[in-house]
Amino acid sequence: MDFRYTDAEEQFRREVRDWLQANLPPGWGSTFQEPENEAERFAFRLDWERKLHAAGWSGISWPKAYGGRGGTLVEQTIFQEELARANAPEFVNIIGRNLTAPTLMAHGTEAQKQRFLPKILSSEEIWCQGFSEPNSGSDLASLRCRLVADADEFVLNGQKIWTSFAQYAQWCFVLARTDPTVPKHQGLSFILLDMATPGITIRPLVQITGETDFNEVFFDDVRIPKANLVGELNQGWRIAMTTLTYERGPEEALPRLVRIRRDLDSILQIAAAPRADGSRSADDPAVRQKLAQSYIDLELMRLTGLRSFSRLLKGEAIGPEASLNKLYWSEMYQRMTETAIEVAGEAGPLMPGDPDAPAGGAFALKYLQSRAMTIYSGSSEIQRNIIAERVLGLPR
Amino acid sequence: MDFRYTDAEEQFRREVRDWLQANLPPGWGSTFQEPENEAERFAFRLDWERKLHAAGWSGISWPKAYGGRGGTLVEQTIFQEELARANAPEFVNIIGRNLTAPTLMAHGTEAQKQRFLPKILSSEEIWCQGFSEPNSGSDLASLRCRLVADADEFVLNGQKIWTSFAQYAQWCFVLARTDPTVPKHQGLSFILLDMATPGITIRPLVQITGETDFNEVFFDDVRIPKANLVGELNQGWRIAMTTLTYERGPEEALPRLVRIRRDLDSILQIAAAPRADGSRSADDPAVRQKLAQSYIDLELMRLTGLRSFSRLLKGEAIGPEASLNKLYWSEMYQRMTETAIEVAGEAGPLMPGDPDAPAGGAFALKYLQSRAMTIYSGSSEIQRNIIAERVLGLPR
Amino acid sequence: MNFDFSEDQYLLRDSVRGFLSDHWGFARLRAAGGQFDPKLWEGLCGLGLQTLLVPEAFGGAGLSLEDAVLSFEEFGRALVPGPMTDTILVSEVIARFGSDAVRADLLSAIAAGRARLAFAHAEAGAGRDPEQVTVVASQHGAGWRLRGRKILVPAADVATTLAVSARMPDGCCGLFLCSAADARVERNNSIDPDGMGCRVDLADVAAIALGEAALARLVATSTVAASAQMIGIADAALEMAVSYAKQRTQFDRPIGSFQAIKHKCADMLMATETARSAAYYASWAAAGDPGFGLAVAIAKAASGDACRLVCNACLQIHGGVGFTWAFDVHLLMKRGKVLEYSFGDATWHREKVAGLILPEVLVSC
Amino acid sequence: MNFDFSEDQYLLRDSVRGFLSDHWGFARLRAAGGQFDPKLWEGLCGLGLQTLLVPEAFGGAGLSLEDAVLSFEEFGRALVPGPMTDTILVSEVIARFGSDAVRADLLSAIAAGRARLAFAHAEAGAGRDPEQVTVVASQHGAGWRLRGRKILVPAADVATTLAVSARMPDGCCGLFLCSAADARVERNNSIDPDGMGCRVDLADVAAIALGEAALARLVATSTVAASAQMIGIADAALEMAVSYAKQRTQFDRPIGSFQAIKHKCADMLMATETARSAAYYASWAAAGDPGFGLAVAIAKAASGDACRLVCNACLQIHGGVGFTWAFDVHLLMKRGKVLEYSFGDATWHREKVAGLILPEVLVSC
């Protein structure tokens, strides 16, 4: 075991940190705020993302052949940790980087890799994910979007839902039914869809936070070249499982952790704020138990993520046990946002914009946002099924 | 709403209390201890039970026709509360009183009632319960004990398990299969078995506490008169459900509550014991949270039991919602015994007989005993199924 | 021994429920957009709710908190916003602790449906200890002046009179009445905009003192009313979850046939029913039982925990659609969240319980 | 960056596991009836375990807690009773803090398998605060005398030397070594008789001081070892539960196909794996990382919670048979219960964590 970084890795970390300090907008983290308007915020983040790419900070661990930096997985993690530590703007091409790219690296043709990977890195092409449907949530494999071959094209009909970034995306990877006559897992295919194709309608969905991060997407005779198929026809389920493993695994969890740690620091500061009589929530041992448990939760997430990550570093693959990471962080984060409101007390339910809201109302908002975390990327119920059946081998 | 008792009820309570004080063994609750040997303890408790009966304190709310006192349900509850408050010896004919009797009152013939009820009250006949089998626990209806008609008798073969009091009992009520050709719930019958009948073998089971409260019981061509059948042939499941409702309902829970309250008082006293530096567990707010939660749990159990009980007093029947009572007390009591050990700290795992054991090791023992509570009378999983399906109407 | 409501009490509940189901509901709530709905107010006044606790001598029904508790539960279930709850509860302390002049003035205005009251208690700087009151009451001739800020005062912007908790020169806190028109009132940006919570700034506002006991009583009855509302919310969320679980199919089965959902629903029912017992009992104990303080703390702790568990589980059972504005789950969850942290959360009340149960033992050992 | 053990470390684990699976097990444990099993002791000594942390200069392997932690996990999994754990851990503080004479004397005896050590720390009157040490150390010429009582000292009745925590005249606590023969040792009646916990009465027993730092170190390493043992226990209980759930059928299906059981098992795995990470990390941090104290508290809190959850769930999944002496579930649960409350329980360690994380923030705000 060795939790230290090499001198070269430490040097890399300093470079990243210095670059971020020099290149983030002046006043970032104090006087500078991201735009409140969603579209403007998207544009701001996209600019930032392209700036990172221009400076050579995109795809740290990707092969140079696909536009990456050819670095190590450790460097990739250091880079993401530093982004999170600086509270840098979030990426907008998350789905392209984290899901499309590893899926294509594992299952795409060389032509597909050459065509798509560099433009993912440069954020020239933003991606969205076409998996869930209104009647196929937990039971993803029951999806009904139909993909039918017609000459040298496919024709797509149906509906997807919960499609984040659909309104901004140039591309979408779609899981659709190509053979309705076989058992449901065996008739699915994985295809790449140009969002500029005629026949696509996007309708935003309003969330309980009032935000509109995700959409319904309707397909009406949408024509897709056959070359856009990833893997073999009717082999889509296996490919989608690769995608989901990356969505749930340690590479997703470790950078997320740094942001959660920032949130916890902020909660500890609320807890330490003196009240009228000079006492503080942080002096109350019942509250201290919950704050300590959040700290412990986070440390367990970090260490368990590092154990998985060490296996990746050794070249081992992460399989269904990725569900442990996803289940853990989603549930611990929900507990943490509740602790945050508890610490803030009666003012806890105040939202951003209220002058009296503790931490600017961040936690009332995050409490609401966190409710989705145990649903998306496979609900907690589905993750527990996967762990029980595919990790522990319990019968279906 | 009215949580007060009438003057007559208060008068009744005083009579019970005075009688108990005058008739419990001298030094009871302080210098006098029950025998440690299980068989001697049984004999001691049986004596006490018969003494209560002789003094007219048996079957408070039962009809006088069956040897009861003809009192009210409220008096019955007051009586049991006072027994619990005095920490009086436990009953040994619990199964006869609490399960056989209400089942016979609901489903027995007049002859069966006349034959069995008075001797249950007088503890002349002790009862045990023949429901569970090794392969039929949660899935009780799958039981395999066979009951076959032969002339004017039935012949019983098979095995029962977890049979408390089998070693002392004169009678056993048995649920057995009389028709293996129909769906499992429709081929069961409920019959009364004289434990002196040839062909019965009893083998004690050692529990994790080292105690031997329950047994395996084997039946080898045991002959039972047809007159001992309760209800119709193959109608046993419905009758067994009556029995289980009494095992789970408020009449069981309310007296139990008084004993749990005594336990909680004892835990509060351990928590309040000063340590070397004069501090006490009871001063630690994290511990106070758990102690308070146990108190709240107990109060919720009491009040929810009283709401059910009020419905009984109005003549309404308790159905599957009895499972709420059973599920709640079994789980709250388990939490409470863990809190007790936590309060006692490193000495918490010391058992009765150790000179340093807090509260004489009662809670290490009760922690172990409590583990069975979420299993017997239907496991917590089964109770939740019942609540979901039969109270909330969720599909099977 | 009877832990059940009377026929009259159920009749009142049924009339409130009937009115709300006919003339209110989540669609109307959404349409109101957090604004005061005069028809709702008038309709509830038409049922006589505002006079429930007003003594008969002042034109009221002269009933008790036990009579009102089922109405509060209905208010929770239907997410009734606005000043009715506080009007009912403040009227009781005016009747008990007000001078003859105050009673004559306010109680008849309440009975006539002209006065709307709001209880201003929460403060932003209190952290999780609702007893950290910093609004200052200073004596000014024969009367008092109030200075400071309150938050999340329900419907203060349509109230006529505010009941304000404030710290007196002796360091104790008491209850004061002032005209809402004298305060600066703006809407809070609350997680529950429909709850109409307001920020109230008091800059030397003239006030009448009702005293310490009045504040203690009003805090206790408000805590019981918040508990009852949370029970109503939990009950509605449970019903919504069960109904969705019966109808939504995945894996070719209703999701309610999966044990994970079933057992979650069973736990939701358990939490709701046990907390309900505590809230009902506290409403009975409010009539003078010596165990009232303990009953209040138990009710708030139990109903806060239950409401949190049930609302969270309800959203989880709905899956993605539960996270959308279009479904009603979040309306229940958001109101529940404000109530959960009002008047002290479950942890705070558990410590109250510990304080009340532990000394008894110490004496006896 | 590498959070994995080396090949050598896994080889040691495999040899311990192999030996225990061939020569130990629940049947042998039951047969031993809580009595010292010389063959087990000799076998473990044959693997060189007693010298793991003894410096090479004294004939030991000179390894670290990180090297030993997997062995402790195996001790937990196989419920190894007796003095080996304490012998390993006390040898380290003797090497670090002992005088030349003590080291020469004891370390070579340990390496030769002649000395067996036990750490006497717990006290009956401590309540839930393991820092409430009342055994008194008083100076007596050049040496010390110990007076007082310890409980649940593992295998003190077969130990040759006791390491005792005691309060010194300056009010601080330090670690002392005394001859086991000088103490009155009797078995406790523990929930886990197989753990060989003993009551140790010290009546002015002559002792050698190792100091405050030695006690702090031994408490910390013992806490890590207890955490690792609980992980082993949890892992064994999970395996037992999963295996039973696959084989036991009810309703014509393996009970492991019911979601209630599946999800319980998933939670058991989650608790075990996350706590395991914390225990492993603490063993690494023991080599001098400044975060060792925090890592220890996190490991004990997480493994205590995990072990409780997993053992309780294991018994519940077994149903009635899990409550019988004949099945092995209770053996795991009982050892786990003693370890859970040794060296402070999860609640106590969470407060330690709070104390360590909160000051940092206070400085920065």
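Reminder, nothing fancy here: chain letters follow the sequence lines and each chain counts from 1. Note: hydrogens, waters and symmetry copies are ignored here, and every other heavy atom, side chains too, is used. These figures come from a predicted structure and were not determined experimentally.
Of all heavy-atom pairs spanning A:P349 and C:V338, the tightest one is CB-CG2, 3.9 Å.
Within the 4.5 angstrom heavy-atom criterion, atoms from both the backbone and the side chain of A:L368 approach chain C. Using a 4.5 Å cut-off between heavy atoms, C:V321 contacts chain A through both its backbone and its side chain. If you measure heavy-atom distances from A:I341 to chain C, the contacts under 4.5 Å come from both the backbone and the side chain. Heavy atoms of A:V343 lying under 4.5 Å from chain C belong exclusively to its backbone. Of the two parts of C:L315, the backbone and the side chain both hold a non-hydrogen atom closer than 4.5 Å to a non-hydrogen atom of chain A. For a residue to count as touching a neighbouring chain, one of its non-hydrogen atoms must lie under 4.5 Å from one of that chain's; by this rule C:A260 touches chain A with the side chain only. If you measure heavy-atom distances from A:A344 to chain C, the contacts under 4.5 Å come from the backbone alone.
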Return one line per donor-acceptor pair between chain A and chain C under 3.5 Å, naming both atoms and the distance rounded to 0.1 Å.
{"from": "A:P134", "atom 1": "O", "to": "C:R248", "atom 2": "NH1", "distance (Å)": "2.7"}
{"from": "A:P134", "atom 1": "O", "to": "C:R248", "atom 2": "NH2", "distance (Å)": "3.2"}
{"from": "A:N135", "atom 1": "O", "to": "C:Q250", "atom 2": "NE2", "distance (Å)": "2.5"}
{"from": "A:G137", "atom 1": "N", "to": "C:Q250", "atom 2": "OE1", "distance (Å)": "2.8"}
{"from": "A:S138", "atom 1": "N", "to": "C:Q250", "atom 2": "OE1", "distance (Å)": "3.1"}
{"from": "A:D139", "atom 1": "N", "to": "C:Q250", "atom 2": "OE1", "distance (Å)": "2.7"}
{"from": "A:D139", "atom 1": "OD2", "to": "C:F251", "atom 2": "N", "distance (Å)": "2.7"}
{"from": "A:V206", "atom 1": "O", "to": "C:W325", "atom 2": "N", "distance (Å)": "2.8"}
{"from": "A:I208", "atom 1": "N", "to": "C:F323", "atom 2": "O", "distance (Å)": "2.9"}
{"from": "A:I208", "atom 1": "O", "to": "C:K334", "atom 2": "NZ", "distance (Å)": "2.6"}
{"from": "A:A276", "atom 1": "N", "to": "C:Q132", "atom 2": "OE1", "distance (Å)": "3.4"}
{"from": "A:D277", "atom 1": "N", "to": "C:Q132", "atom 2": "OE1", "distance (Å)": "3.2"}
{"from": "A:D277", "atom 1": "OD1", "to": "C:Q132", "atom 2": "NE2", "distance (Å)": "3.0"}
{"from": "A:D277", "atom 1": "OD2", "to": "C:Q132", "atom 2": "NE2", "distance (Å)": "2.7"}
{"from": "A:D284", "atom 1": "OD2", "to": "C:R128", "atom 2": "NH1", "distance (Å)": "2.6"}
{"from": "A:K290", "atom 1": "NZ", "to": "C:T347", "atom 2": "OG1", "distance (Å)": "3.0"}
{"from": "A:E338", "atom 1": "OE1", "to": "C:R308", "atom 2": "NH1", "distance (Å)": "3.0"}
{"from": "A:E338", "atom 1": "OE2", "to": "C:N312", "atom 2": "ND2", "distance (Å)": "2.8"}
{"from": "A:E342", "atom 1": "OE2", "to": "C:T347", "atom 2": "OG1", "distance (Å)": "2.7"}
{"from": "A:E346", "atom 1": "OE2", "to": "C:F343", "atom 2": "N", "distance (Å)": "2.7"}
{"from": "A:P349", "atom 1": "O", "to": "C:I191", "atom 2": "N", "distance (Å)": "2.8"}
{"from": "A:M351", "atom 1": "N", "to": "C:N189", "atom 2": "O", "distance (Å)": "2.7"}
{"from": "A:P352", "atom 1": "O", "to": "C:N189", "atom 2": "ND2", "distance (Å)": "2.5"}
{"from": "A:D354", "atom 1": "OD2", "to": "C:N188", "atom 2": "ND2", "distance (Å)": "2.8"}
{"from": "A:D354", "atom 1": "OD2", "to": "C:N189", "atom 2": "N", "distance (Å)": "2.7"}
{"from": "A:D356", "atom 1": "OD1", "to": "C:R149", "atom 2": "NH1", "distance (Å)": "2.9"}
{"from": "A:D356", "atom 1": "OD2", "to": "C:R149", "atom 2": "NH1", "distance (Å)": "2.9"}
{"from": "A:Y367", "atom 1": "OH", "to": "C:N312", "atom 2": "OD1", "distance (Å)": "2.9"}
{"from": "A:R371", "atom 1": "NH1", "to": "C:N312", "atom 2": "OD1", "distance (Å)": "3.2"}
{"from": "A:T374", "atom 1": "O", "to": "C:Q316", "atom 2": "NE2", "distance (Å)": "2.9"}
{"from": "A:T374", "atom 1": "OG1", "to": "C:Q316", "atom 2": "OE1", "distance (Å)": "2.5"}
{"from": "A:E381", "atom 1": "OE1", "to": "C:Q316", "atom 2": "NE2", "distance (Å)": "3.0"}

- Message: Set out, in order, the CA-CA distance, both residues' side-chain angles and the distance that settles side chain to side chain contact (heavy atoms under 4.5 Å, CB included) for A:L350 and C:I191, then state yes or no.
- Response: CA-CA 6 Å; A:L350 297 180; C:I191 200 170; over 6 Å; no

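Per-residue heavy-atom pair counts under 4.5 Å with chain C were compared for A:P355, A:P358, A:G210, and the maximum is reached by A:P355.
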